[in-house]
Amino acid sequence: MTTPEDKLYLALSTIPAGKVISYGYLAELAGLPGRARWVGKTLSSLPDDTQLPWHRVVNASRRISFPADSEGYKTQRQRLESEGIEFSAAGTISKSNWIKPL
DNA sequence: TCCCCGGCTTGAG
DNA sequence: CCTCAAGCCGGGG
């Protein structure tokens, strides 16, 4: 049977390197509208050795949804930068890397 | 079932 | 660009 998690993972696996998407829009693509927060919750419980690009998911303001001093922030940012994504001084990601909602 | 809380969003200042 | 207030929805006690 296909669980909501399955749909989420499938949608997430289609996000290409060098691009980022919001929790809300990803939820929509997965056929789970309105579940942005649930997406965050679910991603946070992925195993450390997962192949899924969880780091390509940020909030609608194009910023990492973790306090800038946290470990999570650092690892996510480093992963994104290693894919060529650039951050402004304020920590926002350039629009050219953004997968925007229709 | 009620209540609280969160890797969210949107809209106002 | 920033902060705040509301809305929102599922998870867990």
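Side chains included, hydrogens not; waters and symmetry mates left out as well; all remaining heavy atoms used. What you see is a predicted model, and the numbers here were worked out from it, not measured in a lab. Within every chain, numbering begins at 1; the chains are lettered A, B, ... in the order of the sequence lines, protein sequences first and strands thereafter.
Nucleotides of DNA chain B lying under 4.0 Å from heavy atoms of chain A occupy a range whose first and last members, 5' to 3', are B/dG6 to B/dT10.
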Side-chain donor-acceptor pairs of residues 84-102 of chain A under 3.5 Å, sequence neighbours excluded:
from	atom 1	to	atom 2	distance (Å)
A/Ser88	OG	A/Ala90	N	3.2
A/Ser88	OG	A/Gly91	N	3.4
A/Ser88	OG	A/Thr92	N	3.2
A/Ser88	OG	A/Thr92	OG1	2.6
A/Ser94	OG	A/Ser96	N	3.1
A/Ser94	OG	A/Ser96	OG	2.7

Under 3.5 Å, which donor-acceptor pairs link side chains of residues 67-76 of chain A to any protein atom two or more places apart or in another chain?
from	atom 1	to	atom 2	distance (Å)
A/Ser70	OG	A/Pro67	O	2.7
A/Ser70	OG	A/Tyr73	N	3.2
A/Tyr73	OH	A/Arg77	NH1	3.1
A/Thr75	OG1	A/Glu71	O	3.4
A/Thr75	OG1	A/Gly72	O	3.1
A/Gln76	NE2	A/His55	O	2.9
A/Gln76	NE2	A/Val57	O	3.0

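In the region residues 91-102 of chain A, proximity to DNA chain B at under 4.0 angstrom, judged on heavy atoms, holds for none of the residues. Using a 4.0 Å cut-off on heavy atoms, the residues of residues 8-36 of chain A that approach DNA chain C are A/Gly34, A/Arg35, listed by number. Of all the residues in residues 38-76 of chain A, A/Trp38, A/Arg63 reach under 4.0 Å from DNA chain C with at least one non-hydrogen atom.
Nearest heavy-atom pair, A/Leu32 versus A/Pro4, reported as atom, atom and distance to 0.1 Å: CD1-O, 3.8 Å. A pairwise comparison of heavy atoms in A/Ala36 and A/Ala27 identifies N-CB, 4.2 Å as the closest pair.
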Subject >> 5'-to-3' dot-bracket of DNA chain C (Watson-Crick, G-U; under 3.5 angstrom; crossing pairs as [ ]; | other strand) >> reply: .||||||.|||||
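To the nearest 0.5 Å, the span separating CG on A/Leu46 from OH on A/Tyr9 amounts to 5.0 Å. The CG atom of A/Leu26 sits 14.0 Å away from the CH2 atom of A/Trp54 when rounded to the nearest 0.5 Å. With rounding to the nearest 0.5 Å, the separation of CG in A/Leu12 from OG1 in A/Thr50 is 8.0 Å.
Applying the side-chain contact (heavy atoms from CB on, under 4.5 Å) criterion to A/Thr3, with sequence neighbours excluded, gives A/Met1, A/Glu5, A/Asp6.
Within the structure, salt bridge (charged side-chain N to carboxylate O under 4.0 Å, His left out) contacts touching residues 22-40 of chain A (residues at least two apart or in different chains) do not occur. The salt bridge (charged side-chain N to carboxylate O under 4.0 Å, His left out) analysis of residues 48-63 of chain A, with sequence neighbours excluded, yields the pairs A/Arg56-A/Glu83.
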Original post:
So A/Leu52 and A/Ser13, side-chain contact (heavy atoms from CB on, under 4.5 Å) or not? Walk me through it.
Top reply: CA-CA 6 Å; A/Leu52 291 168; A/Ser13 68; 4.2 Å; yes
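Taking 4.5 Å as the limit, some side-chain heavy atom of A/Tyr23 sits within range of a side-chain heavy atom of A/Leu43. Using a 4.5 Å cut-off on side-chain heavy atoms (C-beta onward), A/Thr14 and A/Leu29 make no contact.
Both A/Val20 and A/Phe66 are part of a single hydrophobic cluster, where members link through side-chain heavy atoms under 4.5 Å apart.
Between A/Ala90 and A/Glu5, the one whose closest nucleotide on DNA chain C sits nearer the 5' end is A/Ala90.
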